[in-house]
There are 2 protein chains.
Amino acid sequence: MSPMHYTRDNMAGLLRGHDINPTHQRIEIAYALFSRQEHLSADQVMAVVNTRHSETSKATVYNTLRLFLEKGLVREVIVDPCKVFFDPNTSPHHHLYEVDSGKLSDIDAEHVQISGLPPLPAGMVTEVIDLIVRVRRKD
Amino acid sequence: MSPMHYTRDNMAGLLRGHDINPTHQRIEIAYALFSRQEHLSADQVMAVVNTRHSETSKATVYNTLRLFLEKGLVREVIVDPCKVFFDPNTSPHHHLYEVDSGKLSDIDAEHVQISGLPPLPAGMVTEVIDLIVRVRRKD
DNA sequence: CAGCAATCTGGACTTTGTCTAATTTCCGGA
DNA sequence: TCCGGAAATTAGACAAAGTCCAGATTGCTG
């Protein structure tokens, strides 16, 4: 896979590929998330999208992020009370969270093995396994 | 270890053992958490503590839970945006979260193995590793 | 009992996110 | 091109969870 270069033009295709009607606002929000490969919270997305002039309303940002979630375009990472991060990386991976700074980074799942989990309750299926390593600066 | 029976009287000792001045309110909050071995959110704790007459203020509940956290008496479980659970079980274990119902239960860590995690960034120490298995009812 | 520190309290406030009703945009057909 | 309706967007009111603060209470200790 060649190193992907994200442009606003790419975003339209990406959205269509996930069955999402690519509107101007949705393209901007997708571009904000994918061009910087980072974890952004909803208000960070808002800030990025509305840097120049206010273009996109709060409701649209929240609606769009939820839509992206449903369509599997992004993933939700819950590490901090009352601050959900959205992760443009949907491949299986884990997270490293620096509790002092709030910095969140990916841990590639390739070499991580989790074994010995008990069987699930009857009638349940695993949606996702979140593994979060919380670290602190050594004092 | 014999099966522990939690009483309000025990709580005072437990608190003292964790360097916490056992006041009436703190004993009630600790008793709420430990007597039912469950994961409670802050407002569930409030509800339990204030069943009869309103006795304990919101501020005190939040302050006390944070104090318990700092002193290592309880553990915080972040599975749901804007709803932190407090877990009286501080022994190493993981969590199973049923996303539809919001039910949270423990997974004993004894047989679970996590291997292959990359080295931590320099100067960092692991605070805790949270492993959360999110499950959904099969449809 | 006086003084003092620790604790508790109500209530105002903040932050994050949701809801709704009204507007705007987009698109296919006449 | 113009029209009508569906989809999308919007501002702003609202809700829930949690924080903060200044004043009141409690409980020592001398």
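Every chain is numbered from 1, with letters handed out A, B, ... down the list of sequences.
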Worksheet item: Would you say A:Q25 reaches D:dT10's phosphate, i.e. side-chain N/O to OP1/OP2 under 4.0 Å?
Response: yes
Item to complete: Nearest whole angstrom, please: distance from the P of C:dG17 to the CG of A:N63.
Response: 13 Å
Worksheet item: Could you give the CG-to-P distance, from B:D19 to C:dA6, as a whole number of Å?
Response: 13 Å
Worksheet item: When all nucleic acid strands are considered with a 4.0 Å heavy-atom cut-off, which category describes A:T60: base, sugar-phosphate, or nothing?
Response: base
Discussion item. Under a 3.5 Å cutoff, is there a donor and acceptor pairing between the side chains of B:D130 and B:H94?
Written reply: no
Worksheet item: Is there a side-chain polar atom (N or O) of A:Y62 under 4.0 Å from OP1 or OP2 of C:dT18?
Response: no
Item to complete: Look at A:R26 and D:dT9 and indicate whether a side-chain polar atom (N or O) is within less than 4.0 Å of OP1 or OP2.
Response: yes
Fill in: Rounded distance in Å - CG (B:L15) to C1' (C:dA6)
15 Å
Discussion item. Is there a side-chain contact between B:N21 and the phosphate of C:dT7, meaning an N or O under 4.0 Å from OP1 or OP2?
Written reply: yes
Worksheet entry | Check: D:dG12 base within 3.5 Å donor-acceptor of A:K58 side chain | no
Practice prompt. To the nearest Å, give me how far apart CZ (B:R66) and C1' (C:dT7) are.
Written response: 14 Å
Fill in: Distance, rounded to the nearest Å, where B:I29 contributes CD1 and C:dT7 contributes P
13 Å
Worksheet item: Does one side chain, of B:H39 or B:N89, offer a donor that lies under 3.5 Å from an acceptor on the other?
Response: no
Item to complete: Using a cut-off of strictly less than 4.0 Å, decide whether B:T23 has a side-chain nitrogen or oxygen near OP1 or OP2 of C:dC8.
Response: yes
Item to complete: Rounded off to whole Å, could you give me the CD1-to-P distance for the A:I20 and D:dA7 pair?
Response: 16 Å
Worksheet, complete the sentence: Rounding to 0.5 Å, atoms CD (A:E38) and NZ (A:K103) come to a distance of 9.5 Å
Worksheet item: Rounded to the nearest 0.5 Å, how far does CG of B:D108 lie from OG of B:S91?
Response: 7.0 Å
Item to complete: Tell me which nucleotide among D:dT9, C:dT16, C:dT9 gets nearest to the side chain of A:D43.
Response: C:dT16
Discussion item. Closest-nucleotide mapping onto DNA chain C: is B:V61 or B:P81 further toward the 5' terminus? I mean the 5' end.
Written reply: B:V61
Worksheet item: Which part of the nucleic acid does A:S41 contact within heavy-atom distance under 4.0 Å: base, sugar-phosphate only, or nothing?
Response: nothing
Worksheet item: Is B:L67 reachable from B:Y31 through a run of hydrophobic residues whose side-chain heavy atoms are each under 4.5 Å from the next?
Response: yes
